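The structure displayed is predicted, hence computed values, not measured ones.
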Amino acid sequence: MYTGRRKIQKEKNAEPNEFEESVAQALFDLESTNQELKSELKDLFINSASQYDVSGNRKAVVVHVPYRLRKAFRKIHVRLVRELEKKFSGKDVVLIATRRIMRPPKKGSAAVRPRSRTLTAVHEAILEDLVYPAEIVGKRVRYRVDGSKIMKIYLDPKERNNTEYKLETFGGVYRKLCGKDVVFEYPLSEAS
């Protein structure tokens with residue numbers, strides 16, 4: 001089991017739980033058996049992994065990858081997710097970069113918080129990571145009469161066949177991570 005252990009590096013050298021070890025082991029197995037992913041996976045590792053119940057009986061595996069390695073993971077995203085979904089049969093796999101939210105600076109302090117560390121920026125970036133390889137082409141916020149609000153996210157129709165079966169998973173995972181209700185749709189084409 002030690003061999004899969006190098007595929008997960010948690011903050012402050014914390015011990016990974018059983019599920020995280022199984023995801024790390026799956027990554028290690030892919031590196032050792034899959035020739036086309038071997039060279040790309042060699043230097044990559046994850047921060048953590050968790051499993052969420054999404055609508056009905058579906059489950060989602062959320063894999064948190066280091067922010068610095070997100071570009072390398074994006075190069076092999078489609079193939080990696082396909083292989084991991086084979087290993088975790090019946091579960092949708094989502095890769096998200098680990099980001100940190102900083103509290104606003106106190107009044108009168110000279111410290112400036114980077115824009116990328118604000119709550120809004122982190123939630124937007126999580127949304128982008130969640131739907132990758134599809135791109136977000138539009139957003140609408142709908143305010144209901146009772147005061148609740150729902151966000152409608154329109155995805156690029158070019159990636160429809162890769163992401164259509166995961167739309168409910170995207171909504172459920174985003175609700176768990178950020179606490180916001182989101183509906184994912186594809187814009188209606190003007191041609192019809």
Is any side-chain heavy atom of [Y] closer than 4.5 Å to one of [X]?
| X | Y | result |
| --- | --- | --- |
| D181 | S148 | no |
| L177 | I96 | yes |
| S116 | R99 | no |
| I46 | H64 | no |

Notebook entry, point to check: Salt bridge or not for R74 and D129, using N-O below 4.0 Å?
Noted result: yes

Checklist line | Basic-acidic side-chain contact under 4.0 Å: E83, K86 | finding: yes

Checklist line | Residues forming a salt bridge (Lys or Arg N to Asp or Glu O under 4.0 Å) with R140, sequence neighbours excluded | finding: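 Partners of R140 by the salt bridge (Lys or Arg N to Asp or Glu O under 4.0 Å) criterion come out as none, since no residue qualifies.
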
Check: Closest heavy-atom contact between Q51 and K59?
Finding: NE2-CD, 3.1 Å

Note to self: Ignoring hydrogens, what is the shortest heavy-atom contact between D29 and T33? Give both atom names and the distance.
What the structure shows: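 That closest heavy-atom pairing would be O-OG1, 2.7 Å.
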
Report yes or no: do [X] and [Y] belong to one cluster of Ile/Leu/Val/Met/Phe/Trp/Tyr joined by side chain heavy-atom distances under 4.5 Å?
| X | Y | result |
| --- | --- | --- |
| I126 | Y132 | no |
| Y52 | V61 | no |
| L69 | V78 | no |
| L41 | F45 | yes |
| V62 | L80 | no |

Check: With respect to F184, which candidate in V131, I136, T163 satisfies the side chain to side chain contact (heavy atoms under 4.5 Å, CB included) definition?
Finding: V131

Check: In terms of ring plane angle, is the pair Y174 and H123 parallel, tilted or perpendicular, where the classes change at 30° and 60°?
Finding: perpendicular

Margin query: For D92 and V173: C-alpha separation, side-chain torsions, deciding distance, then whether side-chain contact (heavy atoms from CB on, under 4.5 Å) applies.
Written below: CA-CA 10 Å; D92 294 330; V173 168; over 6 Å; no

Check whether more than 12 heavy atoms from other residues, nucleotides or ligands sit under 6.0 Å from atom [atom1] of [X], and answer yes or no.
| X | atom1 | answer |
| --- | --- | --- |
| K10 | NZ | yes |
| E168 | CD | no |
| K149 | NZ | no |
| R142 | CZ | no |
| K139 | NZ | yes |
| E135 | CD | no |

Notebook entry, point to check: Is it the case that R70 places NZ or CZ above or below the six-membered ring of F73, under 6.0 angstrom from the centre and within 45 degrees of the axis?
Noted result: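 Not satisfied by the 6.0 Å and 45° rule.
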
Would you give the length of the straight line joining atom [atom1] of [X] to atom [atom2] of [Y], rounded to the nearest 0.5 angstrom?
| X | Y | atom1 | atom2 | result |
| --- | --- | --- | --- | --- |
| R113 | R103 | CZ | CZ | 10.5 Å |
| T120 | E124 | OG1 | CD | 7.5 Å |
| K166 | R58 | NZ | CZ | 9.5 Å |
| I153 | E185 | CD1 | CD | 10.0 Å |

Next item on the list: Mind running side-chain contact (heavy atoms from CB on, under 4.5 Å) on I8 and V23 for me, showing each step along the way?
Entry: CA-CA 9 Å; I8 183 165; V23 173; over 6 Å; no

Using modelled atom types and a 3.5 Å cut-off, is there a donor and acceptor pairing between side-chain atoms of [X] and backbone atoms of [Y]?
| X | Y | answer |
| --- | --- | --- |
| N47 | Q9 | yes |
| R160 | Y186 | no |
| E85 | V93 | yes |
| S32 | F28 | yes |
| K91 | L84 | no |
| E164 | N161 | no |

